[in-house]
Amino acid sequence: MPSRESQNISAPAMHPIRTLAITGGKGGVGKTNVSVNLAVALAELGKRTLLLDADLGLANVDVLLGLSPRYTLADLVSGRCGLEDVLIEGPAGLLVVPAASGRRHMAELRPAEHVGLVNVFSDLERELDVMVVDTAAGITDSVLTFCQAAQDAAIVVCDEPASITDAYALIKVLSRERGVNRVQVIANMVRSQNEGRGLYDKLSRVCERFIGDVSLNYLGAVPQCDWLRLAVQRQQAVVRAYPASPSARALGEIARRASRWQAPAAPRGNVEFFVERMIRQGAPA
């Protein structure tokens with residue numbers, strides 16, 4: 001049997017991965033489109049990117065990208081395959097982990113099973129720079145766990161009272177129940193940059209008044225854009241199908257900002273994606 005030293009030499013530590021969960025409070029705010037296009041844009045910037053479809057019961061990342069997966073997270077959970085078997089390659093070399101749509105048992109996984117899904121990514125022996133996680137809508141356990149497990153959570157909001165109300169509710173629950181004290185904000189389907197900044201300011205004021213200990217950061221705004229709708233119909237990311245369109249340019253700028261974020265240096269001591277990589281490189285737990 002090889003010694004511990006020889007095992008360490010043959011299996012060098014892999015560098016940490018930056019993780020970003022995209023969420024939205026309510027459905028219909030364009031969360032999955034933002035997730036897909038940010039992930040593709042990051043891949044086009046040269047970042048080795050993984051996109052996880054974590055909308056476990058109503059998944060559609062594969063549909064938006066025109067992909068036909070052989071396996072999904074439902075097969076992984078049932079033991080029919082491993083994580084490597086689920087990976088499928090998308091545009092610009094993007095790796096995608098698809099979930100299943102219409103599988104009620106996936107939407108009803110227990111909290112411990114959500115944590116188990118987070119932990120299984122520690123076994124992924126791939127050199128990656130960033131992972132984008134597209135969560136479900138609402139304040140279910142899966143949404144809270146995947147947002148908690150990422151270094152950053154970005155909330156997508158649009159100009160509807162329910163969108164602001166639900167985004168605030170999600171931020172409050174993440175802060176009080178999961179200790180998430182930093183949230184990125186993306187304004188979507190706006191008519192102007194001023195409208196996007198106004199949405200952020202409105203959400204920020206409410207959070208400052210009623211939550212207090214949460215730091216919000218404005219990541220950018222994506223305009224209402226017919227080219228984005230056409231890209232969806234073509235099952236392509238708008239950043240590839242129509243790269244000069246207003247929505248593609250805005251999403252590309254958000255991706256550039258996110259690409260400059262540093263990978264985590266040490267584990268935070270709770271549920272976290274790729275935590276084993278940080279421990280293996282000598283970071284204190």
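Counting begins at 1 with the first residue of the sequence.
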Can you spot which of V29, L219, V222 makes a side-chain contact (heavy atoms from CB on, under 4.5 Å) with V156?
V29
Test side-chain contact (heavy atoms from CB on, under 4.5 Å) applied to E208 - qualifying residues, sequence neighbours left out:
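Result, side-chain contact (heavy atoms from CB on, under 4.5 Å) vs E208: S204.
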Sub-4.5 Å side-chain heavy-atom contact between L230 and V232:
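No. Closest side-chain heavy atoms not under 4.5 Å.
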A149 and T19: which non-hydrogen atoms are nearest, and at how many Å?
O-OG1, 4.1 Å
Would you give the length of the straight line joining atom CG of N217 to atom CD of Q184, rounded to the nearest 0.5 angstrom?
4.5 Å
How close do A250 and A221 get, counting heavy atoms only, and between which atoms?
CB-O, 3.3 Å
Test side-chain contact (heavy atoms from CB on, under 4.5 Å) applied to L50 and L94, step by step:
CA-CA 6 Å; L50 178 68; L94 172 70; over 6 Å; no
Side chain to side chain, V132 and L51, heavy atoms closer than 4.5 Å
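V132 vs L51: side chains touch.
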In Å and rounded to the nearest 0.5 Å, what is the CZ to OG1 distance from R103 to T72?
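Here the interatomic distance stands at 5.5 Å.
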Please list all pairs passing the salt bridge (Lys or Arg N to Asp or Glu O under 4.0 Å) test where one or both residues lie in residues 61-81, with sequence neighbours left out.
D75-R80
Do the side chains of V34 and I186 get nearer than 4.5 Å, heavy atoms only?
yes
Which pairs count as salt bridge (Lys or Arg N to Asp or Glu O under 4.0 Å) when at least one residue sits in residues 236-259, sequence neighbours excluded?
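Residue pairs passing salt bridge (Lys or Arg N to Asp or Glu O under 4.0 Å), neighbours aside: E44-R240, E253-R256, E253-R257.
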Is it the case that the side chain of S175 and the backbone of I171 share a donor-acceptor pair, with hydrogens and angles ignored and the cut-off at 3.5 Å?
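Not at all, since once roles are kept as given, no pair shorter than 3.5 Å links the two residues.
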Taking atom CG of L83 as the centre, report whether more than 12 heavy atoms of other residues, nucleotides or ligands fall under 6.0 Å from it.
yes
If hydrophobic clusters are built from ILVMFWY residues whose side chains come within less than 4.5 Å, do F273 and L20 share one?
no
Give me each pair satisfying ring pair (Phe, Tyr, Trp, His ring centres under 6.0 Å) with a member in residues 158-207, each pair once, sequence neighbours excluded.
Y200-Y218
Examine V61 and F121 and state if one hydrophobic cluster contains both, with Ile, Leu, Val, Met, Phe, Trp and Tyr joined whenever side-chain heavy atoms are less than 4.5 Å apart.
no
Over all heavy atoms of both residues, which pair between G28 and M189 is shortest? Give the atoms and the distance, please.
O-CE, 3.7 Å
Of the non-hydrogen atoms in L42 and A255, which two are nearest, and what is the gap between them?
CD2-O, 3.5 Å
Short side-chain to backbone donor-acceptor contact, R182 and Q151, under 3.5 Å:
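Checked: pair present.
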Within-4.5 Å side-chain heavy-atom neighbours: L128 and L95:
yes
Which residues pass the side-chain contact (heavy atoms from CB on, under 4.5 Å) test with Q262, sequence neighbours left out?
none
Partners passing side-chain hydrogen bond (donor to acceptor under 3.5 Å, both in side chains) against S259 (at least two apart in sequence or in another chain)
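Applying side-chain hydrogen bond (donor to acceptor under 3.5 Å, both in side chains) to S259 gives none.
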Measure the shortest side-chain to side-chain distance between D53 and L73 over non-hydrogen atoms and say whether it is less than 4.5 angstrom.
no
Under the criterion side-chain contact (heavy atoms from CB on, under 4.5 Å), I'd like the reasoning laid out for L56 against H114: C-alpha separation, chi angles, the key distance, then a yes or no.
CA-CA 10 Å; L56 302 178; H114 296 142; 3.9 Å; yes
Check the pair D129 / T49 against side-chain contact (heavy atoms from CB on, under 4.5 Å), numbers first and verdict last.
CA-CA 6 Å; D129 299 307; T49 307; 6.0 Å; no
Criterion side-chain contact (heavy atoms from CB on, under 4.5 Å) on L228 and N37, from CA distance to verdict
CA-CA 10 Å; L228 179 56; N37 280 283; 4.1 Å; yes
By side-chain hydrogen bond (donor to acceptor under 3.5 Å, both in side chains), which residues pair with Q148, not counting sequence neighbours?
R178
Nearest non-hydrogen partners of T135 and A21, listed with the distance
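Taking T135 first and A21 second, the nearest heavy atoms are CG2-CB, 4.2 Å.
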F146-L174 co-clustered via ILVMFWY side chain contacts under 4.5 Å
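In one cluster with F146: L174, no.
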Applied to residues 233-265, the ring pair (Phe, Tyr, Trp, His ring centres under 6.0 Å) test, sequence neighbours excluded, yields W227-Y242
Tell me whether L67 is reachable from L38 by hopping between hydrophobic residues (I, L, V, M, F, W, Y) whose side-chain heavy atoms are closer than 4.5 Å.
yes
Listed partners of N119 passing side-chain hydrogen bond (donor to acceptor under 3.5 Å, both in side chains), at least two apart
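Applying side-chain hydrogen bond (donor to acceptor under 3.5 Å, both in side chains) to N119 gives none.
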Flag, side chain of S163 to backbone of C158, donor-acceptor distance under 3.5 Å
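It does hold such a pair.
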For K31, is there an ion pair with D134 - N to carboxylate O distance below 4.0 angstrom?
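Counted as a salt bridge, because a side-chain N and a carboxylate O are separated by less than 4.0 Å.
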Any donor and acceptor pair, going by atom type alone, linking the side chain of E113 with main-chain N or O of R110 inside 3.5 Å?
yes
Quick one: salt bridge (Lys or Arg N to Asp or Glu O under 4.0 Å) partners of K26, sequence neighbours excluded?
E160
Which heavy-atom pair separates L65 from P91 by the least distance, and what is that distance?
CD2-CG, 3.9 Å
Taking the side chain as every heavy atom from C-beta outward, state whether V86 and C81 have any pair of such atoms under 4.5 Å apart.
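Yes; the side chains approach each other to less than 4.5 Å.
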How would you list, by chain and number, every residue that makes a side-chain hydrogen bond (donor to acceptor under 3.5 Å, both in side chains) with E84, sequence neighbours excluded?
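Result, side-chain hydrogen bond (donor to acceptor under 3.5 Å, both in side chains) vs E84: R126.
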So do the side chains of S122 and V275 get within less than 4.5 Å of each other, counting heavy atoms only?
yes
Among residues at least two apart in sequence or on other chains, which ones pass salt bridge (Lys or Arg N to Asp or Glu O under 4.0 Å) with R197?
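Once residues adjacent in sequence are excluded, R197 has no partner under the salt bridge (Lys or Arg N to Asp or Glu O under 4.0 Å) criterion.
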Check whether any side-chain heavy atom of L87 lies under 4.5 Å from a side-chain heavy atom of Y71, and answer yes or no.
no
Does R191 offer a backbone N or O that forms a donor-acceptor pair with the side chain of E195 under 3.5 Å?
yes
Out of curiosity, does M131 fall in the hydrophobic cluster containing V36 (side-chain heavy atoms, cut-off under 4.5 Å, transitive links)?
no
